Enquirer: 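Got a structure for you, questions after.
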Amino acid sequence: MTSPDAADNRWSDLDRPPLNATALRRALVRPGSLWTSLDVVAETGSTNTDLAARADTLPEGAVLVAEAQDTGRGRLDRRWNAPARSGIFVSVLLKPGDPDRGPVPTERWGWLPLLAGVAVATALSRAAGVDTALKWPNDLLVTVGGEERKAGGILAERAGADAVVLGIGLNVTLRADELPVPGAGSLALAGAVTTDRDPLLRAVLRSLEQWYGDWRASGGDPMVSRLQSTYAAGCSTLGRTVRALLPGDRELVGEAVAVDGDGRLVIATAGGTRQAVGAGDIVHLRPAAD
């Protein structure tokens with residue numbers, strides 16, 4: 001007998017119905033679309049890992065969605081766990097280096113997690129009625145009870161010479177007693193007008209398709225594609241005093257003043273210098289100035 005708590009038991013939580021894979025494919029996988037396949041699995045270790053393992057045999061636009069992950073990862077190998085069907089856990093295969101389509105220079109691939117953030121925030125504003133702020137470089141923030149909370153994250157990983165697997169994790173119906181840490185949040189807690197994951201996932205993938213298409217058509221140019229200005233407009237990190245925890249146990253404290261053309265965070269220190277940070281963990285030390 002199947003355990004009532006099993007990830008593939010559609011009756012384990014009536015408030016969290018399973019995704020409709022057939023309807024999602026019908027809506028998203030069509031001639032001319034970026035999305036070439038869409039699979040939904042009941043449970044897996046990591047959608048990013050699974051998709052990366054097949055990157056050489058799949059065309060660009062493959063989508064893998066899991067109802068639950070037991071070894072989901074964020075940046076710095078942080079674990080990402082949530083109850084089955086409580087969120088959107090999706091990875092997509094992109095091939096910006098495909099030589100047959102005019103490859104995007106690899107130095108511009110660092111914009112992909114920022115692009116995904118813009119795409120998700122745009123989609124959630126329209127589909128869920130939730131304002132989503134972007135914390136550099138890959139966190140999705142919502143407001144719960146007047147406080148910023150992390151509701152999602154993005155992880156981009158190279159997969160071979162010309163491909164990137166882009167993973168998105170988003171808390172949708174997570175309840176207050178299910179939050180993994182005090183600073184976590186969800187769309188439901190932020191007052192979303194809908195927590196139906198099917199239209200939310202469709203909105204996210206359509207938005208991602210549009211932003212990726214514009215970025216790729218511009219050769220990855222963040223200014224021509226409007227990506228740099230749109231990201232800056234929605235980035236809650238800018239204008240704040242931050243602590244950047246850098247590789248090698250170093251740290252940098254200052255005001256986050258810009259996101260440069262390479263997608264790096266520019267921090268102005270008290271000593272008057274400016275330093276562009278391309279990797280690290282960012283801590284917001286105070287709210288942005290009005």
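Starting from 1, each residue takes its place in the sequence as its number. Remember, it's a predicted structure, so these values are computed and weren't measured experimentally.
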Enquirer: Taking the side chain as every heavy atom from C-beta outward, state whether Leu285 and Val253 have any atom pair closer than 4.5 Å.
Expert: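 With C-beta onward as the side chain, the pair touches.
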Enquirer: Check whether the side chains of Thr173 and Arg16 place a donor and an acceptor atom closer than 3.5 Å, and report yes or no.
Expert: yes
Enquirer: Under a 3.5 Å threshold, yes or no: a donor from one side chain and an acceptor from the other, between Gln69 and Thr47?
Expert: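 The answer is yes; a qualifying pair exists.
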Enquirer: Give the intermediate values and the outcome of side chain to side chain contact (heavy atoms under 4.5 Å, CB included) for residues Leu24 and Leu201.
Expert: CA-CA 8 Å; Leu24 288 168; Leu201 180 56; 3.9 Å; yes
Enquirer: Quick one: does any side-chain atom of Lys95 pair with a main-chain N or O of Ala55 as donor and acceptor, under 3.5 Å?
Expert: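 Pair found, side chain donor or acceptor close to backbone of Ala55.
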Enquirer: Tell me whether Arg54 at atom CZ has more than 12 heavy atoms from other residues, nucleotides or ligands lying less than 6.0 Å away.
Expert: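 Counting neighbours around CZ of Arg54, 12 or fewer heavy atoms of other residues, nucleotides or ligands fall under 6.0 Å, so no.
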Enquirer: Treating Arg226 as the side-chain partner and Pro222 as the backbone partner, does any N or O pair qualify as donor plus acceptor under 3.5 Å?
Expert: no
Enquirer: Evaluate the side-chain proximity of Leu28 to Ser33: yes if any heavy-atom separation is below 4.5 Å, no if none is.
Expert: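 Answer no - side chains too far apart.
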Enquirer: If hydrophobic clusters are built by linking Ile, Leu, Val, Met, Phe, Trp and Tyr wherever their side-chain heavy atoms come under 4.5 Å apart, do Trp211 and Leu140 end up in the same one?
Expert: yes
Enquirer: Would a hydrophobic clustering, with Ile, Leu, Val, Met, Phe, Trp and Tyr connected at side-chain separations under 4.5 Å, put Ile282 with Leu245?
Expert: no
Enquirer: CG/Asp162 to CG/Asp100 distance, rounded to the nearest 0.5 angstrom?
Expert: 9.0 Å
Enquirer: Quick one: do Val120 and Thr132 satisfy side chain to side chain contact (heavy atoms under 4.5 Å, CB included)? Show the steps, please.
Expert: CA-CA 8 Å; Val120 174; Thr132 307; 5.5 Å; no
Enquirer: Roughly how far, to the nearest 0.5 Å, is CE of Met223 from CD of Gln228?
Expert: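 One finds 6.0 Å between CD of Gln228 and CE of Met223.
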Enquirer: Would you compute the distance between atom CG of Leu115 and atom OG of Ser207 and round it to the nearest 0.5 angstrom?
Expert: 8.5 Å
Enquirer: Determine whether a donor-acceptor pair (N or O, by modelled atom type, separation under 3.5 Å) exists between the side chain of Trp109 and the backbone of Val104.
Expert: yes
Enquirer: Please walk me through it: do Glu60 and Arg101 pass salt bridge (charged side-chain N to carboxylate O under 4.0 Å, His left out)?
Expert: CA-CA 11 Å; Glu60 181 175 51; Arg101 294 187 53 197; 2.3 Å; yes
Enquirer: Do Val242 and Val283 have side-chain heavy atoms sitting under 4.5 Å apart?
Expert: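 When only atoms from C-beta onward are counted, Val283 and Val242 do not touch, as no gap falls below 4.5 Å.
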Enquirer: Treating Ile, Leu, Val, Met, Phe, Trp and Tyr as nodes and any side-chain heavy-atom pair under 4.5 angstrom as an edge, say whether Val41 and Leu155 lie in one connected cluster.
Expert: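 Each belongs to a different hydrophobic cluster.
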Enquirer: Got Leu227 and Val118 here, is their nearest side-chain heavy-atom distance under 4.5 Å?
Expert: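 When only atoms from C-beta onward are counted, Val118 and Leu227 do touch, with a gap below 4.5 Å.
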Enquirer: Any side-chain heavy atom of Asn48 within less than 4.5 Å of one from Leu166?
Expert: no
Enquirer: Can you tell whether the side chains of Arg264 and Glu107 come within less than 4.0 Å, N to carboxylate O?
Expert: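 Glu107 and Arg264: not salt-bridged.
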Enquirer: For salt bridge (charged side-chain N to carboxylate O under 4.0 Å, His left out), just list the numbers for Glu43 and Arg85, CA-CA rounded to whole Å, side-chain angles, deciding distance to a tenth of an Å, and then say yes or no.
Expert: CA-CA 10 Å; Glu43 185 172 3; Arg85 302 185 304 281; over 6 Å; no
Enquirer: Is it true that atom CG of Asp177 has more than 12 heavy atoms of other residues, nucleotides or ligands lying nearer than 6.0 Å?
Expert: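 Yes, CG of Asp177 has more than 12 neighbouring heavy atoms, counting only those of other groups under 6.0 Å.
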Enquirer: So do the side chains of Pro137 and Leu114 get within less than 4.5 Å of each other, counting heavy atoms only?
Expert: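 With C-beta onward as the side chain, the pair touches.
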Enquirer: Measure the CG-CG distance between Leu200 and Leu205 for me, rounded to the nearest 0.5 Å.
Expert: 11.0 Å
Enquirer: Following the transitive rule for hydrophobic clusters with a side-chain heavy-atom cut-off under 4.5 Å over Ile, Leu, Val, Met, Phe, Trp and Tyr, establish whether Leu58 and Val65 coincide in one cluster.
Expert: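 No, Leu58 does not connect to Val65 through the hydrophobic network.
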Enquirer: How close do Val224 and Ser218 get, counting heavy atoms only, and between which atoms?
Expert: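 Residues Val224 and Ser218, closest heavy atoms: CG1-CB, 3.8 Å.
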Enquirer: Does a salt bridge link Glu251 with Arg243, judged by any charged N lying under 4.0 Å from a carboxylate O?
Expert: yes
Enquirer: When you check the gap from the basic side-chain N to the acidic O, do Arg206 and Glu209 get nearer than 4.0 Å?
Expert: no
Enquirer: List the steps, then state whether salt bridge (charged side-chain N to carboxylate O under 4.0 Å, His left out) holds for Glu67 with Arg197.
Expert: CA-CA 11 Å; Glu67 297 284 29; Arg197 293 180 304 139; 2.8 Å; yes
Enquirer: Do Thr237 and Leu265 come within less than 4.5 Å of each other through their side chains, counting heavy atoms only?
Expert: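 In short, these two side chains touch, coming nearer than 4.5 Å.
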Enquirer: Once you round to the nearest 0.5 Å, how far does CG of Leu38 lie from CG of Leu64?
Expert: 8.5 Å
Enquirer: Short question: side chain of Ser186, backbone of Leu189 - any donor-acceptor pair under 3.5 Å?
Expert: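 Such a contact is found between Ser186 side chain and Leu189 backbone.
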Enquirer: Look at the side chain of Ser86 and the backbone N and O of Pro83, then say whether any donor-acceptor pair between them is shorter than 3.5 Å.
Expert: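 Between the backbone of Pro83 and the side chain of Ser86 there is a qualifying donor-acceptor contact (under 3.5 Å).
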Enquirer: Just checking, is any N or O donor in the side chain of Ser225 or Asp214 under 3.5 Å from an acceptor N or O on the other one?
Expert: no
Enquirer: Quick check against the 3.5 Å criterion: does Asp50 have a side-chain atom that pairs as donor or acceptor with the backbone of Thr44?
Expert: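 Between the backbone of Thr44 and the side chain of Asp50 there is no qualifying donor-acceptor contact (under 3.5 Å).
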Enquirer: The test is side chain to side chain contact (heavy atoms under 4.5 Å, CB included); show your working for Val92 and Leu208 and say whether it passes.
Expert: CA-CA 10 Å; Val92 302; Leu208 183 56; 3.9 Å; yes
Enquirer: Which atom pair, heavy atoms only, marks the closest approach of Ala184 to Leu179?
Expert: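 Answer, listing the atom of Ala184 first, then Leu179: O-CD1, 3.5 Å.
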Enquirer: So Trp215 and Asp221, side chain to side chain contact (heavy atoms under 4.5 Å, CB included) or not? Walk me through it.
Expert: CA-CA 6 Å; Trp215 176 79; Asp221 190 311; over 6 Å; no
Enquirer: Is there a donor-acceptor pair closer than 3.5 Å between any side-chain N or O of Asn171 and the backbone N or O of Leu174?
Expert: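 Flag not set: sc Asn171 to bb Leu174 has no pair under 3.5 Å.
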Enquirer: Is there a path of hydrophobic side-chain contacts, each under 4.5 Å between heavy atoms of I, L, V, M, F, W or Y residues, that connects Val130 with Leu141?
Expert: no
Enquirer: For Asp131, is the CG atom crowded, meaning more than 12 foreign heavy atoms sit under 6.0 Å from it?
Expert: no
Enquirer: Do Leu252 and Gln275 come close enough that some side-chain heavy atom pair is under 4.5 Å?
Expert: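 Of all side-chain heavy-atom pairs linking Gln275 with Leu252, at least one is under 4.5 Å.
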Enquirer: Rounded to the nearest 0.5 Å, what's the gap from CZ on Arg108 to CZ on Arg216? Could you check?
Expert: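 It is 13.0 Å, given to the nearest 0.5 Å.
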